[in-house]
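Lettering of chains follows the sequences in order, A, B, ..., and the numbering in each one begins at 1.
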2 protein chains.
Amino acid sequence: MARQAARRSRSPRDVPLYEMVDSIVRKRLVENVYPPGAMLPSEMQLAKELGVSQGTVRRALDGLVAEGLVVRRQGLGTFVSEMEDRRSLFLFFNMVAHDGRQEMPAARLIEAVDGQATDIEARKLAITVGSPVRRLTRLRLFRERPTIVERLVVSEAVLPGLARHAPPPDHLFRYYETEYRVTVVEADESLRAASVTEEEADLLDMPVGAPLLEIDRVAYAMNRRPVEWRVSLCDTSGHDYRIDRG
Amino acid sequence: MARQAARRSRSPRDVPLYEMVDSIVRKRLVENVYPPGAMLPSEMQLAKELGVSQGTVRRALDGLVAEGLVVRRQGLGTFVSEMEDRRSLFLFFNMVAHDGRQEMPAARLIEAVDGQATDIEARKLAITVGSPVRRLTRLRLFRERPTIVERLVVSEAVLPGLARHAPPPDHLFRYYETEYRVTVVEADESLRAASVTEEEADLLDMPVGAPLLEIDRVAYAMNRRPVEWRVSLCDTSGHDYRIDRG
DNA sequence: TAGTGGTCTAGACCACATT
DNA sequence: ATGTGGTCTAGACCACTAT
């Protein structure tokens with residue numbers, strides 16, 4: 001019966017049912033029909049509503065779980081991920097001390113100014129040149145020791161008035177989610193080597209010319225729209241950038 | 001029936017059937033019962049042999065597919081991955097030109113010598129201090145331009161006589177697989193910033209003190225044994241190290 | 001006890017590739 | 001025509017969490 005319904009509603013393209021379920025649920029996540037922290041309908045309820053079997057709903061949810069968009073709690077239900085659920089504090093932060101300790105650095109706001117998107121900012125944020133943006137500079141410290149200079153740019157349209165009246169908290173992604181209902185789910189990073197310039201020398205307490213790790217990162221929301229562009233200049237004399245592949 | 005058999009053979013630990021299937025197949029992959037390129041028994045055959053349903057075999061294989069250990073080809077069967085299948089040429093190589101092109105660099109062997117494992121080498125390769133090792137130095141070039149100095153250490157016990165009689169091919173992981181039946185499936189990387197020393201200055205045609213990206217990587221075989229320790233010093237003036245997260 | 005997710009089965013039909 | 005993986009169903013039972 002469900003099979004018949006599915007067949008009737010299928011386009012010649014013939015996309016699997018579980019993908020249809022995936023995109024329906026995904027859409028509701030993006031549109032906050034299911035807001036962060038909320039419980040989704042149970043697998044049986046969703047199956048009934050969408051006219052498919054529980055197994056098919058389950059398969060669709062498996063994908064969303066793998067992406068970290070939702071989490072299952074046995075005996076309780078399936079819930080929309082909040083930032084904490086996604087080990088996201090560390091998902092996007094990979095500096096590990098040489099002794100193996102992984103700790104979150106504090107953030108000190110150095111500067112926050114308005115501006116108009118330059119060519120490269122516009123390209124990174126997928127907005128038009130000249131659009132209003134905000135530019136923040138922050139210094140990050142591990143155990144009081146300045147280690148990273150962080151320059152970030154966001155579009156006023158997406159995150160209006162960011163840090164205009166008060167310094168934002170250390171964990172910006174969580175702040176975006178609770179304050180702006182913008183959930184970062186993905187990021188592309190480019191790493192290069194750079195050298196300390198006069199600008200950063202006193203902030204980081206390093207000599208001009210010393211080597212730095214430069215991390216250029218664009219973060220994306222669930223709908224694949226860019227949320228922020230961030231360039232981090234890291235002193236790696238005490239910390240590594242760690243990646244586990246495979 | 002299968003259910004009963006499974007129950008009987010279950011320890012109090014009560015591990016799911018699909019995990020048992022996973023480890024059985026994984027074991028056969030490690031032991032080359034199913035060698036690279038070979039076709040696995042069909043899902044139905046495996047199900048019958050192991051006394052579970054096709055769906056359970058399928059679920060186990062899903063995991064191995066996700067890890068890239070095997071690949072499915074519809075209408076043909078399930079096959080043990082060969083290096084090429086795992087997009088592995090790029091899986092472990094992430095230098096992307098600033099214009100976006102991703103190309104494999106050539107490798108030129110500079111030096112290959114015998115030695116005895118130092119403290120740190122022993123720790124990285126999980127062998128005892130003083131064990132015989134081989135140390136290779138290679139220069140990697142993008143379009144004839146020297147870009148990376150690569151120093152790598154392998155245990156003689158794992159990869160005997162590597163590069164003793166002839167320079168190995170550019171893609172070492174593939175070579176390990178075909179020549180030594182050692183398949184690299186995982187790697188841990190640590191990235192830092194460094195500066196060009198006199199040793200690398202002429203190899204890379206860069207001034208002493210210029211910034212370099214240093215990639216410290218241990219590669220592991222299917223059985224989680226370390227295969228090689230490699231430190232790459234990269235000139236990032238023309239290429240970035242790219243990561244896509246999320 | 002009731003409701004949730006977690007596992008597993010048996011069987012159906014489809015899409016695909018080879019013979 | 002045959003055999004493979006790919007999708008989907010319906011229903012069973014288990015483990016967990018709450019009340």
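If you measure from atom CG of A/Asp62 to atom P of D/dT7, you get 13 Å, rounded to the nearest angstrom. Across the protein-nucleic acid pair, A/Gln54 atom CD and C/dT9 atom P stand 16 Å apart, rounded to whole Å. The CZ atom of B/Arg59 sits 17 Å away from the C1' atom of D/dG6 (whole-angstrom rounding). One atom, CG of B/Leu46, and another, P of C/dC8, lie 16 Å apart when rounded to the nearest Å. If you take CE of B/Met39 and C1' of D/dT4, they are 7 Å apart, rounded to a whole angstrom.
A/Arg58 comes within contact range of at least one nucleobase, with a heavy-atom separation under 4.0 Å.
At C/dC8, none of the side-chain N or O atoms of B/Thr56 fall inside 4.0 Å of OP1 or OP2 (strictly under the cut-off). Put simply, B/Ser53 has no side-chain N or O that comes within less than 4.0 Å of OP1 or OP2 on C/dA10.
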Under the salt bridge (Lys or Arg N to Asp or Glu O under 4.0 Å) criterion, do B/Glu49 and B/Arg28 qualify, and how do the steps go? CA-CA 14 Å; B/Glu49 182 202 342; B/Arg28 293 181 182 173; 2.7 Å; yes
Test A/Arg224 against A/Glu186 for salt bridge (Lys or Arg N to Asp or Glu O under 4.0 Å), laying out the working first. CA-CA 8 Å; A/Arg224 287 288 313 173; A/Glu186 201 175 340; 2.7 Å; yes
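The 5' end of DNA chain D is approached more closely, in terms of each residue's nearest nucleotide, by B/Leu40 than by the other of B/Leu40 and A/Glu19. Comparing B/Met44 and A/Tyr18 by the nucleotide of DNA chain D that holds the closest heavy atom to each, the one mapping nearer the 5' end is B/Met44.
Between A/Asp188 and A/Lys124, no side-chain nitrogen of the basic residue sits less than 4.0 Å from a carboxylate oxygen of the acidic one, so the salt-bridge criterion is not met.
With C/dG5, D/dT4, C/dC8 as the candidates, the nucleotide lying closest to the side chain of B/Leu17 is C/dC8. Distance from the side chain of B/Arg72 is smallest for D/dG6 among the nucleotides D/dT4, D/dC8, D/dG6. When distances are taken from the side chain of A/Glu43 to each of D/dT7, D/dT4, C/dG5, the shortest belongs to C/dG5. Relative to the side chain of A/Pro16, the nucleotides C/dT9, D/dG5, D/dT7 differ in distance, and D/dT7 lies closest.
Among all heavy-atom pairs drawn from B/Val57 and B/Val21, the shortest one is CA-CG1, 4.4 Å.
By the side chain to side chain donor-acceptor pair (under 3.5 Å) test, A/Asp240 is found to be paired with A/His98, B/Arg192, residues two or more places apart in sequence or in another chain being considered.
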Are any protein N/O atoms closer than 3.5 Å to N/O atoms in nucleotides 16-19 of chain C? If there are, list each pair with its distance.
residue: C/dC16; atom: O4'; partner: B/Gln74; partner atom: OE1; Å: 2.9

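Proximity of A/Arg72 to A/Glu43: side-chain heavy atoms (C-beta onward) are separated by under 4.5 Å at one or more points.
The aromatic rings of A/Phe173 and A/Tyr176 sit tilted, their planes meeting at an angle between 30° and 60°.
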